[in-house]
Colleague: 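Please find one structure pasted underneath; my questions will follow.
Keep in mind that the numbers below use all heavy atoms, side chains included, and drop hydrogens, waters and symmetry copies. Below, read A as the first sequence line, B as the second, and so on, with proteins coming before strands; counting in each chain starts at 1.
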Amino acid sequence: MTLASGCVEPGLYRALRGTDRWQALQQLRRGGLDRPLDWLEALADPEGGCDGPLLRLIAETVDADGPGASTLLAWVLAAPSADWAEPLAALTPLLVRRRSALAAGLRRALGRGGDALLLPLLGSQREPIDAALLIDRARRPGPADERRAALEGLARGFSAWPPRPLRALLLELAHDLDPLLAAGAVDLLDRLPWPLLGLDRLDGARLEPSVAARLARRRAGRRPSDLLLLAHGRAGGVAPAELTSLVDELARRRGGRVVLQLLTAADGAAAPAASGEPAPITLVPLFLLPGEHVRHDVAAVAAAWRHRGWPLRRLPFLGAWPAWQQALAQALAERRAMGHDPLLLHHPLSGPLAHRHGAALTRRLGVPCRAWDGADADGAAAYMEGQPSPVPVPLALATNRLTEALAASPLLLQPRFRSLLLEQLLRLP
Amino acid sequence: MTSTASRLSKVEQAKADRCGLELAPELADLASRGWEQLDEADLTIRLKWLGIFFRPVTPGRFMVRLRLPNGVLQARQLALLADTVDRCGAEGSADLTTRQNIQLRGLLLDDMAPLLRDLEAVGLTSHRSGHDNPRNITGHPLAGIDPDELIDTRPLADAIQAAVLAADDIDNLPRKFNIAVGGASDSFLLHNDLAFLPAERDGVLGFAVQVGGFFSGQRNELAVPLGLWLAPAALPAFSLAVLRVFHAEGDRGNRGKARLMYVIDRLGLAGFREAVLQRFDGEAHPFDGDHLVTREPRPLLGIHPQRQPGLHWVGLHVPLGRLDAEGMAGLARLATTYGNGELRLTENQNVLLVGVPADRLEALQAEPLLQRYAPDPGPLLAEAVSCTGSAYCGFALIPTKTTAATVLEGLQQRLELPHPVRTHWTGCPNSCGQAQLGAIGLMGAKARHEGAMVPAAKLMVGGATGGAPALAEVRHKGIPLQQLPDALEQLLVDEFGARRRPGAGSV
Ligand code: SF4
């Protein structure tokens, strides 16, 4: 046979077809292929036996970002899908990097009987548009090898996919009747940021026994994320003792880092207060009302931590947590049952959101809710005059000017609220 | 730039541009941004400085190769590796290598930053375990427990590794480099670039230095005596001196001619010795005596008494040198339940449990895991060594591991053998499975059969690893795999004293 281009040295070509093929390939590897696509003709020669290794050499030589790469892929995919396995494996030098043209070529070849080979390669390409396709193919009933291949595609491009739909899929697949698919889903849940967020939602008793055992192993290897508690600061920067004691207990019982960052009006979005290796951290805004800190500073603090490399998850401000609101309602109801007439006092708020929240709180708790901006005890006393049988209840988590002025206990010093908060924070993944 | 380099190859250019160790702090970030953020040289070359291997056969699933000086592994370390492999599900596995080492397969790039941290926490490292680096430092697998030991190689292998990893002027060698330390009369090490063989000088036990051993597609050499004797304490500094000569003199223009033996060819043995001594700040004595390695490596499988009275080592066969998570966790458990919590890896890709008291042997033998990892797998499987083959290696011409297992199991059923026979299986002429060292060596090839090219094995016979070492010689250029069982059966009967079992059919 003569190659059309005439660029291939006949002796070498003969050697490639004989028993000294490995040496001939090494010679080609060292010398390089001038015009790699011309060699496709040698590959097409049924007598040649110049299959995988030569194709691999061509793939290593062709310009991966040029049109030749797409031509090569199309050449391979033009064959019946039963013949794709070895040639596709040989093309991986081209497919190691994300190349949209090649991903499109792989996508176009789906549905021709070779999807189990194509889906992992497509996942390796990490094209964001393929997230939905891979998720759908893993979820949709179909041949087991194709669903597994779609999950493998998701694994190979793992960090390229949006975590929420991925987590939802994996939670579903963990219950799949195919134990391999279910096991793979549990292992991938374990790799998502905040793995316990997913793992803790699975009930081992409802899983296939080997998958349940896998879940138990994954859970055993995980500790909860670090916590970043954001709270009001006080003049002088000293943290109230009830806050530091909460931090100490949390650190002891969760077994991870717990960072307390105090915000004052002056330094709203302070830089991260903790040093050390960045690790997933959960930001908990310990604010009871959606004031300036909640509306602006929390986002700025989160951005500053993320900028320093900390993967960060934000929770809503404490005052919006249903369990917290229930506990507050219960405490106020008990006061009323004792014949008191409680009045919630909080520090002044600005902005429509804060006012709406105050109004909603009044409705939900059934007690009036007022802002107080007095600077001292006399001011507080004066304020209280004229209120009908009022029992002022400061809406303050930790000691501040208000609690001091009213000589009242902040919520964190009341066992009901402290244990509720502790319990909620201990449960965080 | 070196004295021999006229132009830098692609690999040399990548290494010169940036050291792969610099990628370590970026791993976590790369995991979240994706490995396509790496340039191709980072992905396929530089990551190997961290022991991370991009596998073209499974793009997106990476391999990590550790360093285990002298093949010593603690049960808690193996338990961590088991957990790592377990997290990779069906894709996860581990290979025992011919350098007493472990490589983990099936990992995602997302796993790397936490894994490297966890490895460090249990006293392991994967640094510089691949590409142009000094590979795992091997020693005698029975170091410290051998009744026939000449010298304990463990502290020496540890010290050489520590020196090598601490030296930042040799992190860009021209090619890979193998170092080994012998501790007994059966320490065959001549396939290493630098081998320290136990030897006496004036009644003092030290080491004779041999240099230049390697196998490749182009050339196969056993190491030759350098004519020097060293006290044990000198080994780390001397290793560095040799590495520095290699660093300076190795061929950076042609990777096919970059191994140490080519430097020795060019400088001459005397010139090479002189160059090393100029860089060695220690005592090396001229030596033309004999070293003490005089016999073939002993079979290590099964139960054997240790030097310590009442204790035993139990050698277990790991089929194909391949482990899964469950097997790894099981072996770690056996090591703590029955032994002293330590395991040893052999160059034959098997595992030894050590420190097993006599009164625990019976219970250990009753463990179900020993059905999988047998102390007595038969005379052929016990001594079989195999490279990775086509399952994971793009160079392979045959699937070495599965072919070896199928063929040898079949032969064991058909034949009775008076003694173990060492077979070495390698997928291509690169000879990672050291086919030239096998009493029988098999190397992947292609042969013409009934008009078509078919997978085949080149047959070599006569590799000797005792007092008179020799490389196996080629008997057949390519036996089609289909015909291999019959050909090997005849060879074993004719030359290795095998007898056909009565009534056994064809393999
Ligand atoms: S000998 Fe060849 S086939 Fe085997 S691992 Fe080495 S390069 Fe791959």
Colleague: Counting heavy atoms not belonging to Glu26(B), are there more than 12 under 6.0 Å from its CD?
Modeller: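 Atom CD in Glu26(B) is crowded, with more than 12 foreign heavy atoms closer than 6.0 Å.
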Colleague: Is Arg191(A) reaching over with its side chain to a backbone N or O of Arg87(B), donor-acceptor style, under 3.5 angstrom?
Modeller: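 Pair found, side chain donor or acceptor close to backbone of Arg87(B).
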Colleague: Would you say Glu22(B) has more than 12 foreign heavy atoms packed within less than 6.0 Å of its CD?
Modeller: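 Enclosed: over 12 neighbouring heavy atoms sit under 6.0 Å from CD of Glu22(B).
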Colleague: Between chain B and each of Leu88(A), Leu25(A), Asp187(A), count heavy-atom pairs under 4.5 Å; write down the option with the most.
Modeller: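 If we count pairs closer than 4.5 Å to chain B, Asp187(A) comes out on top.
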Colleague: Which atoms of Glu40(B) are under 4.5 Å from chain A, going by heavy atoms: the side chain, the backbone, both sets, or neither?
Modeller: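 Contact with chain A involves both backbone and side-chain atoms of Glu40(B).
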Colleague: Return the option, out of Thr44(B), Asp86(B), Asn254(B), Leu108(B), with the maximum number of heavy-atom pairs under 4.5 Å with chain A.
Modeller: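 Greatest number of close heavy-atom pairs with chain A: Asp86(B).
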Colleague: More than 12 foreign heavy atoms under 6.0 Å from CD of Glu473(B): is that the case here?
Modeller: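 No, the 6.0 Å shell around CD holds no more than 12 heavy atoms from other groups.
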Colleague: So if I take each residue of residues 209-219 of chain A and look for any heavy atom under 4.5 Å from a heavy atom in chain B, which residues do I end up with?
Modeller: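 So the qualifying residues are Arg214(A), Arg217(A), Arg218(A).
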Colleague: Determine whether more than 12 heavy atoms belonging to other residues, nucleotides or ligands lie under 6.0 Å from atom NZ of Lys257(B).
Modeller: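 No, not enclosed.
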Colleague: What pair of heavy atoms forms the shortest contact from Arg61(B) to Ala155(A), and how long is it?
Modeller: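 Closest approach of Arg61(B) to Ala155(A), heavy atoms only: NH2-CB, 3.5 Å.
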Colleague: With only heavy atoms counted, which part of Leu121(A) is less than 4.5 Å from chain B, the side chain, the backbone, both or neither?
Modeller: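 Only the side chain of Leu121(A) comes within 4.5 Å of chain B.
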Colleague: Just checking Gln218(B): does its CD atom have more than 12 heavy atoms from other residues, nucleotides or ligands closer to it than 6.0 angstrom?
Modeller: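 Result for CD/Gln218(B): enclosed.
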Colleague: Counting only heavy atoms not in Ile129(A), do more than 12 fall under 6.0 Å of its CD1?
Modeller: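 Check passes, neighbour count above 12.
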Colleague: Counting only heavy atoms closer than 4.5 Å, note whether Arg117(B) contacts chain A via side chain, backbone, both or neither.
Modeller: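 Just its side chain gets close to chain A.
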Colleague: Main chain of Pro59(B), side chain of Ser124(A): is a donor-acceptor contact present, judged purely on distance under 3.5 Å?
Modeller: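 Yes, because the side chain of Ser124(A) sits within donor-acceptor range (under 3.5 Å) of the backbone of Pro59(B).
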Colleague: Can you tell which of Gly217(B), Pro56(B), Pro429(B) has the highest number of heavy-atom pairs within less than 4.5 Å of chain A?
Modeller: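 Top option by heavy-atom pairs under 4.5 Å: Pro429(B).
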Colleague: Can you say whether Asn430(B) sits under 4.5 Å from chain A via the side chain, the backbone, both, or neither, judging by heavy atoms?
Modeller: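 Its backbone and side chain both get close to chain A.
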Colleague: What are the two closest non-hydrogen atoms of Phe395(B) and Trp22(A), and how far apart are they?
Modeller: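 Scanning both residues, the minimum pair turns out to be O-NE1, 3.6 Å.
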Colleague: Out of Gly478(B), Gly444(B), Cys428(B), Pro114(B), return the one with the most heavy atom pairs under 4.5 angstrom to chain A.
Modeller: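 Greatest number of close heavy-atom pairs with chain A: Cys428(B).
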Colleague: Is Asp111(B) in contact with chain A via its backbone, its side chain, both, or neither, using a 4.5 Å heavy-atom distance?
Modeller: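 For Asp111(B), side-chain heavy atoms alone lie under 4.5 Å from chain A.
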Colleague: Test Leu188(A) against Asp110(B) for side chain to side chain contact (heavy atoms under 4.5 Å, CB included), laying out the working first.
Modeller: CA-CA 11 Å; Leu188(A) 288 184; Asp110(B) 308 57; over 6 Å; no
